[in-house]
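Owing to the predicted nature of the structure, the values given are computational and were not obtained by experimental measurement.
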Amino acid sequence: VRLVDLSTAYNTLRNGGRFRPSTSIVKVTNSRGEVLERWTPDAGRQVLGANGEQIAYLITNMLSDNQARWYMFGRNNVMELPDGRPAAAKTGTSNDWRDSWAMGYTPDVTIGVWVGNNDNAAMQEIAGANGAGLIWNDLMVRYHADRPAQPFVRPPGVVEETVCADTGGRASPACPRPISELFVEGAVPQQPDVTYVTVRVAGDGTCLAASYSPPGEVREASFPVYPPEYRDWAARNGVPQQPTRLCPPPQAADPNVAQLALLSADGTVSGGQLFVNGTARGSFILEVGEGQNPQLWQTVSQGASAVENGLLGIWNTDGLAPGSYTLRLSVTTPEGATLSTTQNVRLQ
C-alpha cells in the first residue's frame, strides 16, 4: 500500500467517513505570483454507509483512547501529544522489520509516516513506535504549535450506554465489570447476558454445602453466570464460578449426622442383649466387628429413616467370647455420602 493511499484512508475517518481523493498539487502560480489553478477540497462522498459519520466517530474514539494504549506502550508514548491534545493514532510494524508505520489525525490534520529501506531490506528492529512514530509525533507537535487544542466532536446518532466489559452485553446487576461504551443509535445491546445465581456454599466457598457441612461454615454466595460461549474464558481468567460439586465429607463423622451413645461409662459391658442408642440423620446400618480394627463386620440392624436420639438396634452378645469389640454406625446423607462413627467396647 502506498503511503498516500493509507493516509487518505485515515483522513476519511477524520472526515466523518467522507472520502476525498488525495492530491499532490494545491496550487499553480506564474512568475508574477498570480494563482493560475487552485485545488479546492469538496465535502467528499460518504463511503461507510448510512451511519458512516457515526461509525467513523466510533473508530476515532477507539484510536484516540490513550488509556487503551498504556498497557502495551506505557504512558507518554509517541501517540500522545502534549497538553492532552486529542489524537487518533495507530502504529504498525511489518514482518522482519521491513516497514515502520505511524498514521493518525487530530480534528485539524491527518499525517502519515512510513520508514523503511528503498530496496525493501529488513531494518534493525525499527518498529512503528520507535521509527515512524517519532517522526509522526514531531510533525504533529510542530503543526499544532500555534493552534488551540480541539476535541473530536461527537455527531448526533451516537449514544452512550452501560455494558458488561467482559461480554459487551447490556450490563445487569450481575455484571462484575460494568463500563460505559458508545454505540450507533439503534445498535445498543438490548438483553443482559450475565445473570446471578445464589447457592449455599461451605468450606472455602468453592463447593456446595451438604447436609453434613458444619453449620458455621454454611453461607449463601452469589456468582455471575455468563453465556455459554464466555464460560471457558471466565474460568481461564479467574472469574469466580458457581460450584458444581458438593463439599467433601469431614474426615470424622459429624455428631449432628452420626452419633453413638455410650453403652457404659468405662466402655465395659456384660453379655446379653444390649440396646444401642444414638442419632442417625439418614438411612443407616449398625455393625459390629471383633477387635479394635475389625476386618469383618456383622450387621446388627439397619434403617431406612432417620433416628434422633433413639434406639438404633439391639446387639445380641450371647455366644460371643469376652474381649474387645467395635460398633460402627454408617449413615448415608441425602447427597449420597456415607459418614461413619465407631465405638470400642469390652465384653466381659
Side-chain angles (χ1 to χ4, degrees), residues 9-10 12-14 16-18 46-75 77 79-80 84 86-92 103-105 151-209 219-247:
Y10 273 76
T12 300
L13 297 175
R14 185 184 73 87
R18 292 179 294 274
Q46 181 57 253
V47 294
L48 297 183
N51 296 311
E53 187 176 12
Q54 291 75 26
I55 292 172
Y57 179 79
L58 294 185
I59 298 174
T60 296
N61 183 262
M62 297 176 200
L63 292 175
S64 59
D65 187 348
N66 285 326
Q67 291 188 19
R69 286 191 277 262
W70 289 345
Y71 176 80
M72 181 62 65
F73 294 96
R75 294 174 181 263
N77 58 74
M79 287 167 281
E80 294 186 42
K90 181 74 178 73
T91 63
M103 309 298 302
Y105 51 93
F152 291 108
V153 179
R154 183 192 299 182
V158 174
V159 296
E160 187 170 354
E161 295 290 344
T162 302
V163 297
C164 201
D166 298 338
T167 65
R170 181 180 287 274
S172 70
C175 174
R177 293 198 304 139
I179 60 170
S180 293
E181 190 56 271
L182 299 179
F183 293 90
V184 175
E185 192 170 20
V188 178
Q190 297 301 310
Q191 297 296 326
D193 55 6
V194 179
T195 57
Y196 266 134
V197 61
T198 300
V199 295
R200 295 171 74 248
V201 299
D204 61 0
T206 61
C207 57
L208 296 172
R219 59 200 183 276
E220 287 191 343
S222 296
F223 298 88
V225 179
Y226 286 80
E229 61 269 27
Y230 291 100
R231 289 174 190 169
D232 287 344
W233 170 89
R236 290 195 306 270
N237 285 272
V239 178
Q241 301 291 293
Q242 175 191 353
T244 57
R245 62 179 181 84
L246 291 170
C247 294

In Å and rounded to the nearest 0.5 Å, what is the [atom1] to [atom2] distance from [X] to [Y]?
| X | Y | atom1 | atom2 | result |
| --- | --- | --- | --- | --- |
| F73 | T91 | CZ | OG1 | 3.5 Å |
| Q242 | L208 | CD | CG | 7.0 Å |
| M62 | K90 | CE | NZ | 13.5 Å |
| M103 | L13 | CE | CG | 10.0 Å |
| I59 | L48 | CD1 | CG | 6.5 Å |

Checklist entry - Listed by chain and number, what are the side-chain hydrogen bond (donor to acceptor under 3.5 Å, both in side chains) partners of T195, not counting sequence neighbours? => result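 Not a single residue meets the side-chain hydrogen bond (donor to acceptor under 3.5 Å, both in side chains) criterion with T195.
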Next on the checklist: List the residues meeting side-chain hydrogen bond (donor to acceptor under 3.5 Å, both in side chains) with N237, not counting sequence neighbours, and say none if there are none.
Outcome noted: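 Listed in chain order: nothing, the list is empty.
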If every non-hydrogen atom of [X] is compared with every non-hydrogen atom of [Y], which pair is closest and at what distance?
| X | Y | value |
| --- | --- | --- |
| P224 | A174 | CB-O, 3.7 Å |
| R75 | W70 | NH1-CH2, 3.2 Å |
| C247 | A209 | SG-N, 4.4 Å |
| P243 | G205 | CG-O, 3.8 Å |

Checklist entry - Are the side chains of Y230 and V194 in touch, meaning some heavy atoms are under 4.5 Å apart? => result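 The answer is no, as the side chains (C-beta and beyond) never meet within the 4.5 Å cut-off.
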Item to check | Within-4.5 Å side-chain heavy-atom neighbours: T198 and S222 | outcome: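 T198 reaches S222 side chain to side chain.
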Checklist entry - Can you list the steps and then say if T206 with R245 is a side chain to side chain contact (heavy atoms under 4.5 Å, CB included)? => result CA-CA 8 Å; T206 61; R245 62 179 181 84; 3.8 Å; yes
Checklist entry - Near R219 CZ, under 6.0 Å, is it more than 12 heavy atoms from other residues, nucleotides or ligands? => result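 Result for CZ/R219: enclosed.
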Next on the checklist: Tell me whether the count of non-hydrogen atoms from other residues, nucleotides or ligands lying under 6.0 Å of CZ in R200 goes above 12.
Outcome noted: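 No, not enclosed.
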Return all side-chain donor-acceptor pairs below 3.5 angstrom for residues 178-191, not counting sequence neighbours, or 'none' if the list is empty.
unit_1, atom_1, unit_2, atom_2, d
Q190, NE2, V188, O, 2.8

Checklist entry - side-chain hydrogen bond (donor to acceptor under 3.5 Å, both in side chains): which pairs involve residues 46-69, sequence neighbours left out? => result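 Those involving residues 46-69 are T60-Y105, N66-R69.
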For residues 151-166, tabulate all N or O donor-acceptor pairs below 3.5 Å that involve a side-chain atom, not counting sequence neighbours.
unit_1, atom_1, unit_2, atom_2, d
D166, OD1, R177, NE, 3.1
D166, OD1, R177, NH2, 2.6
D166, OD2, Y226, OH, 2.7

Next on the checklist: List the residues meeting side-chain contact (heavy atoms from CB on, under 4.5 Å) with V47, not counting sequence neighbours, and say none if there are none.
Outcome noted: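 Per chain and number, V47 pairs via side-chain contact (heavy atoms from CB on, under 4.5 Å) with T12, F19, R45.
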